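Everything below concerns the one structure shown next.
No experiment lies behind these values; they were computed from the predicted model shown. All heavy atoms count here, side chains included; hydrogens, waters and symmetry mates do not. The chain is numbered in sequence order, starting from 1.
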Amino acid sequence: MTPSFGPTGTRSQLGRLVAAALALLGMVALLLASNAVASAMGASEELANSAALAVTTAITSVVVRIGGLFAPQLFGRTQFVRRLGIASVLASLILVAGSIGAGLAEEKLRALLLVPSALFEELLFRGLPFLILTSGRKLRRPVLVAGVVLTSFVFALLHPSPHISVFFDAFVFSLLAFGMLLATHSIWPAVAFHIVANATVATFPDAIFGGEARISTVIFDAVLGVLILAFLAFWLKRAKWREVSR
């Protein structure tokens with residue numbers, strides 16, 4: 001069979017993968033630049049990271065909308081859920097802005113920004129690639145897998161540490177979070193997973209298992225992620241069975 005190079009053929013498929021890669025590159029550049037500016041202004045590491053995520057999310061949302069993609073669809077199919085998602089993003093942006101100059105202790109600041117950081121990271125590192133990769137006809141599995149792996153690799157690189165377990169933790173976490181988004185077409189399960197994972201790291205920052213720092217959090221994230229995916233698969237299958245039986 002002759003390969004197709006039309007709008008739904010190989011060229012379109014690879015084009016979406018390249019577009020996702022370029023979007024990730026631009027987003028990372030914006031993140032690093034925003035973080036550098038915030039740090040130069042005297043912000044703490046936690047606040048600088050959250051401010052960079054907030055700025056990047058706001059700018060990316062505008063660019064995505066100009067590009068013809070509808071970011072609120074990441075929150076769900078109903079208008080109410082989409083409005084709730086938009087309200088959550090706006091509230092998170094206000095919360096981060098209000099934290100600037102508040103002079104909060106690092107521990108309080110980390111707890112305060114736990115939800116906004118998780119929401120922003122999921123929108124940027126799962127939501128944006130998802131929108132681009134699924135913007136046309138059904139994506140071929142090898143291209144989709146390549147996009148998910150590329151996104152997860154970039155996400156893991158942005159969590160530098162002398163311990164390889166931290167990179168592995170972030171990579172596995174991203175794969176699982178992307179799986180949740182692909183299964184439900186909603187960013188909420190991944191956001192909830194992210195909040196729990198961040199809370200675990202914050203509560204047990206020096207957890208050691210097997211002689212390597214944070215190995216225990218790798219295991220925790222992997223087990224939790226698999227359990228959530230299994231629950232989602234069961235729930236979706238049950239919902240589909242109910243719909244067919246009507």
Side-chain angles (χ1 to χ4, degrees), residues 15-39 41 43 46-100 112-136 139 144 147-148 150-152 154-155 157-159 170 173-174 177-178 180-182 184-195 198:
R16 277 186 273 170
L17 181 59
V18 172
L22 291 175
L24 282 170
L25 182 62
M27 185 180 63
V28 169
L30 186 56
L31 267 174
L32 295 177
S34 302
N35 190 292
V37 171
S39 298
M41 295 175 64
E46 187 70 30
L47 186 56
N49 290 338
S50 296
L53 285 169
V55 170
T56 304
T57 300
I59 294 176
T60 301
S61 298
V62 174
V63 173
V64 163
R65 190 69 190 99
I66 294 174
L69 299 178
F70 189 54
Q73 72 185 32
L74 291 168
F75 295 104
R77 293 182 173 86
T78 66
Q79 190 176 35
F80 171 77
V81 175
R82 290 178 177 179
R83 286 178 176 175
L84 179 63
I86 295 173
S88 299
V89 173
L90 292 176
S92 296
L93 290 172
I94 293 172
L95 186 60
V96 173
S99 301
I100 299 175
L112 183 66
L113 300 178
L114 184 67
V115 174
S117 296
L119 178 60
F120 293 150
E121 286 193 31
E122 288 308 313
L123 288 172
L124 292 173
F125 290 100
R126 257 65 68 182
L128 176 61
F130 176 82
L131 283 177
I132 296 174
L133 291 171
T134 59
S135 59
L139 201 65
L144 178 60
V148 172
L150 174 63
T151 301
S152 300
V154 172
F155 180 76
L157 284 179
L158 291 176
H159 292 75
F173 169 86
S174 183
F178 220 125
M180 295 174 195
L181 177 56
L182 290 171
T184 63
H185 285 214
S186 172
I187 203 77
W188 293 119
V191 171
F193 178 40
H194 203 139
I195 292 171
N198 281 354

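- Taking CG of L114 as the reference point, atom CG of L119 lies at 11.5 Å (rounded to 0.5 Å).
- Residues W188 and M180 have side chains not in contact (no heavy-atom distance under 4.5 Å, counting atoms from C-beta outward).
- Taken to the nearest 0.5 Å, the OG1 atom of T60 stands 11.5 Å off from the CG atom of L131.
- Summarising the geometry of A19 relative to I132, their closest heavy-atom pair is CB-CG2, 3.8 Å, with the distance given to 0.1 Å.
- Aromatic ring orientation, H185 versus F130: perpendicular (interplanar angle above 60°, classes split at 30° and 60°).
- Rounding to the nearest 0.5 Å gives a distance of 8.5 Å between OG1 of T57 and CE of M27.
- Atom OG of residue S186 and atom CG of residue L74 lie 8.5 Å apart, to the nearest 0.5 angstrom.
- Annotation: side chain of F155 is not in contact with side chain of L24 (no heavy-atom distance under 4.5 Å).
- In this structure, CG in L144 is found 5.5 Å from CG in L182, a value given to the nearest 0.5 Å.
- Annotation: side chain of F173 is not in contact with side chain of N198 (no heavy-atom distance under 4.5 Å).
- Considering OG1 of T78 and CZ of R83, their distance stands at 10.0 Å, rounded to 0.5 Å.
- Side chains of V96 and L53 form no contact here, defined as non-hydrogen atoms less than 4.5 Å apart.
- Contact record, A52 with T56: O-OG1, 2.7 Å, taken as the closest heavy-atom pair.
- By the side-chain contact (heavy atoms from CB on, under 4.5 Å) test, A48 is found to be paired with N35, A38, S39, A43, residues two or more places apart in sequence or in another chain being considered.
- Under the rule for a side-chain hydrogen bond (donor to acceptor under 3.5 Å, both in side chains), the partners of S174 that lie at least two apart in sequence or sit in another chain are R126, S152.
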message: As a quick check of understanding, evaluate side chain to side chain contact (heavy atoms under 4.5 Å, CB included) for L128 and L123, giving each step before the final call.
response: CA-CA 6 Å; L128 176 61; L123 288 172; over 6 Å; no
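- Scanning both residues, V55 and S34, for their nearest heavy atoms gives CG1-OG, 3.6 Å.
- A pairwise comparison of heavy atoms in R82 and P72 identifies CG-O, 3.2 Å as the closest pair.
- With a 4.5 Å cut-off on side-chain heavy atoms, S117 and N49 do not count as touching.
- Taking the six-membered ring for Trp and the full ring otherwise, the centers of F178 and F125 sit at least 6.0 Å from each other.
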